[in-house]
Number of protein chains: 2
Amino acid sequence: MTPLYAQVKSHILDQIRSGTLTAGKRVPSENELVTQFNISRMTANRALKELTADGFLARVPGVGTFVREATPRTSLIELRNIADEIAARGHRYSSRIEDLREINATPNLIKDFEFKSASPLFHIAIVHEENGMPVQFEDRYVNPFSAPNFLKQNFAEQTPTAYLLALLPADELEHNVEAIMPDANQQRRLKITNVEPCLSLHRRTWSGGHVVTSATLIYPASRYALYSRYNTGAKPQ
Amino acid sequence: MTPLYAQVKSHILDQIRSGTLTAGKRVPSENELVTQFNISRMTANRALKELTADGFLARVPGVGTFVREATPRTSLIELRNIADEIAARGHRYSSRIEDLREINATPNLIKDFEFKSASPLFHIAIVHEENGMPVQFEDRYVNPFSAPNFLKQNFAEQTPTAYLLALLPADELEHNVEAIMPDANQQRRLKITNVEPCLSLHRRTWSGGHVVTSATLIYPASRYALYSRYNTGAKPQ
DNA sequence: TGTATAAGGTTGTATATACAGTATAGTGCG
DNA sequence: CGCACTATACTGTATATACAACCTTATACA
């Protein structure tokens with residue numbers, strides 16, 4: 001049984017995703033949600049407060065709660081599923097798998113995965129699309145000891161990130177960001193016509209002390225920015 | 001008057017910072033906080049819930065609330081002084097101030113600083129050099145209400161970051177990373193001869209609920225990469 | 001016309017209370 | 001000794017209520 005506040009959150013998120021509620025629109029007030037869902041105001045308050053903390057809504061005391069501008073940003077801190085992000089913007093997600101097989105680790109990959117000797121690895125190359133437009137090229141290697149059934153998954157249904165996160169909780173992350181000029185191969189995959197700089201995000205993910213996966217994600221700069229925000233826990237004033 | 005739940009949050013954060021509460025240690029239960037602060041359990045619950053959402057605590061139903069492993073935050077996460085970084089590499093740091101004055105906030109800057117109306121702002125443009133070679137171009141705006149004496153500082157002695165950090169602790173950060181092609185102005189300042197992509201890091205810093213400073217830092221890609229690694233604190237087994 | 005006031009709606013905070021779910025420690029029984 | 005049960009502590013969720021702060025709009029008044 002999902003909690004009431006979560007049901008209200010889903011309901012509002014669905015409306016944002018479906019386009020019923022667009023950026024700037026006013027969402028129902030707490031009291032309106034009370035009568036609409038037959039819940040208490042504190043429950044409605046929790047739903048709206050959490051959606052605000054998640055960055056979907058903005059609240060103005062004395063005025064109302066509004067849908068925030070959808071910023072095509074991806075979080076550096078959290079691991080987010082790109083399919084969900086695109087859906088949250090009310091857009092259509094699709095993907096094109098360009099490679100999916102077992103390979104032998106190169107010396108660099110052995111180092112990446114902290115292996116002591118040569119080992120097989122799973123590899124996937126996949127292009128993520130938003131409304132048919134490529135927005136991310138994912139080049140990922142996976143530890144076969146951590147996810148032995150990786151190759152058998154249907155990645156048209158579920159992204160590699162979603163599958164791996166459901167299988168193994170990520171307890172440590174490493175990110176490395178660079179600005180690059182895409183090579184001919186990457187340009188073709190991302191359907192870049194005029195040459196533009198891209199963000200290259202290299203991410204390693206640990207679970208239980210082992211490197212589970214190592215991925216290079218390439219974003220065309222004009223279509224994506226990486227975003228992170230957090231509380232440092234420093235003394236408030 | 002700061003709200004009660006915020007006071008409780010500060011109290012617990014203080015104990016974590018001071019070392020009274022270390023990683024893995026148990027924090028007072030909701031009921032213990034009730035008697036300790038003479039508040040209701042819902043208020044204690046809010047404080048602990050928000051500290052959990054901020055990543056400082058982990059809660060286990062039926063057991064208790066615990067301090068999470070300190071996240072090893074680097075470069076992208078931590079605020080570092082570039083002069084210190086360069087000195088740590090045994091190289092010579094120098095800087096060239098290109099602008100330092102009061103300006104009027106543009107609409108975009110008003111939004112950045114969460115102002116309600118037009119306001120003056122301080123601006124500094126400074127090129128940081130390592131062994132005489134430009135390695136970062138810093139374009140920074142500063143809230144005059146937070147740092148009224150900013151313009152009077154000697155930034156040949158102390159970087160703007162160092163001055164602001166000493167004056168006001170950063171309790172919240174926002175980063176936005178993009179890959180850009182530098183314009184002619186930026187190329188000249190960074191002494192880039194052949195055109196190469198750059199990392200653009202936009203950072204906003206909060207202190208006491210106010211945006212203290214908003215800075216755009218530009219790194220020539222071939223000379224810098226941004227790195228972060230941290231523990232997500234997923235399920236403490 | 002301009003200004004002060006009042007009313008009503010909205011969010012923000014705080015309390016008291018209740019019940020459910022989960023983990024642990026202890027107790028008693030076979 | 002081992003196992004089932006129970007009591008207890010803790011978090012998670014939900015409700016009803018209250019008051020404060022804030023904003024907008026309508027109204028009354030000078």
Side-chain angles (χ1 to χ4, degrees), chain A residues 1-13 15-16 21 24-68 169 231 236-237, chain B residues 1-13 15-16 21 24-68 114-117 172 206 208-210 233-237:
Chain A
M1 191 54 186
T2 59
L4 288 176
Y5 77 90
Q7 291 179 35
V8 177
K9 283 179 70 174
S10 297
H11 179 258
I12 294 172
L13 272 180
Q15 289 196 307
I16 294 175
L21 282 173
K25 276 260 190 73
R26 186 178 168 283
V27 297
S29 74
E30 297 181 357
N31 280 319
E32 286 167 346
L33 290 174
V34 164
T35 59
Q36 188 177 338
F37 286 91
N38 199 31
I39 55 177
S40 77
R41 186 167 85 87
M42 289 311 294
T43 302
N45 177 274
R46 175 166 184 180
L48 294 181
K49 188 163 63 183
E50 290 193 4
L51 284 174
T52 304
D54 292 344
F56 293 103
L57 305 178
R59 315 197 75 185
V60 183
V63 182
T65 305
F66 304 90
V67 179
R68 256 186 48 173
N231 199 306
Q237 91 328 90
Chain B
M1 195 52 191
T2 59
L4 288 178
Y5 77 90
Q7 292 178 33
V8 177
K9 283 179 71 174
S10 296
H11 178 258
I12 294 172
L13 273 178
Q15 289 195 306
I16 294 175
L21 281 174
K25 275 263 190 71
R26 186 178 169 280
V27 298
S29 75
E30 297 182 355
N31 280 319
E32 287 168 345
L33 290 173
V34 164
T35 59
Q36 187 175 339
F37 286 91
N38 199 31
I39 57 178
S40 77
R41 186 167 85 87
M42 290 308 294
T43 303
N45 177 275
R46 174 166 186 180
L48 294 182
K49 188 163 63 184
E50 291 192 2
L51 285 174
T52 304
D54 290 344
F56 295 102
L57 304 178
R59 314 197 76 184
V60 183
V63 182
T65 305
F66 304 89
V67 179
R68 262 183 45 173
E114 299 172 346
F115 285 152
K116 300 196 173 173
S117 60
E172 197 168 355
W206 279 258
H210 300 287
K235 203 76 179 173
Q237 328 83 19

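We use all heavy atoms of the structure for the numbers below, so side chains are in, but hydrogens, waters and symmetry mates are not. Nothing here was measured: the structure is a model prediction, and the numbers come from that model.
- Here the side chain of B/R26 is nearest to one of D/dT15, C/dT11, D/dC10, namely D/dC10.
- Checking A/T52 against A/R59 by side-chain atom types alone, no donor-acceptor pair falls below 3.5 Å.
- Here the P atom of nucleotide D/dG12 and the CD atom of A/E50 are 12 Å apart, to the nearest Å.
- As judged by a 4.0 angstrom heavy-atom cut-off over every strand, A/R46 is placed among residues touching the sugar-phosphate backbone only.
- Checking C/dA14, C/dT11, D/dC23 against every side-chain atom of A/R59, the shortest atom distance belongs to C/dT11.
- Between the CG atom of A/N31 and the C1' atom of D/dT17 there is a distance of 13 Å, given to the nearest Å.
- When each of C/dA14, D/dA14, D/dC23 is scored by its nearest atom to the side-chain atoms of B/T43, the top-ranked nucleotide is C/dA14.
- One interatomic measurement links the two molecules: NZ of A/K9 to C1' of D/dT13, which rounds to 14 Å at whole-angstrom precision.
- For the pair A/G62 and A/N45, nearest-nucleotide mapping onto DNA chain C gives the more 5' position to A/G62.
- Taking atom CG of B/N38 as the reference point, atom P of C/dT15 lies 8 Å away to the nearest angstrom.
- For D/dA14, the OP1/OP2 oxygens have no side-chain nitrogen or oxygen of A/Y5 closer than 4.0 Å.
- Under a 3.5 Å cut-off, the side chain of B/T43 and the backbone N or O of B/I39 do not form any donor-acceptor pair.
- Here the side chain of B/Q15 pairs no donor or acceptor atom with the backbone of B/I12 at under 3.5 angstrom.
- Residue B/M42 has its side chain nearest to D/dA14 when only C/dG12, C/dT13, D/dA14 are considered.
- Between A/E30 atom CD and D/dT15 atom C1' there is a gap of 14 Å when expressed in whole angstrom units.
- Taking atom NZ on B/K49 and atom P on D/dC10, their separation rounds to 19 Å, with Å as the unit.
- In this structure, CD of A/Q7 is placed 12 Å from C1' of D/dT13, rounded to the nearest angstrom.
- Whole-Å rounding puts the A/R41 CZ to D/dA18 C1' distance at 10 Å.
- Between B/Y5 and B/E50 the shortest side-chain heavy-atom distance falls below 4.5 Å.
- Phosphate contact (OP1/OP2 of C/dT17, side-chain N/O of B/S40, threshold under 4.0 Å): absent.
- Across the interface with DNA chain D, nearest-nucleotide mapping of A/V63 and A/A6 shows A/A6 to be the residue nearer the 5′ end.
- A/Q36 places no side-chain N or O within donor-acceptor distance of the main-chain N or O of A/L33, the cut-off being under 3.5 Å.
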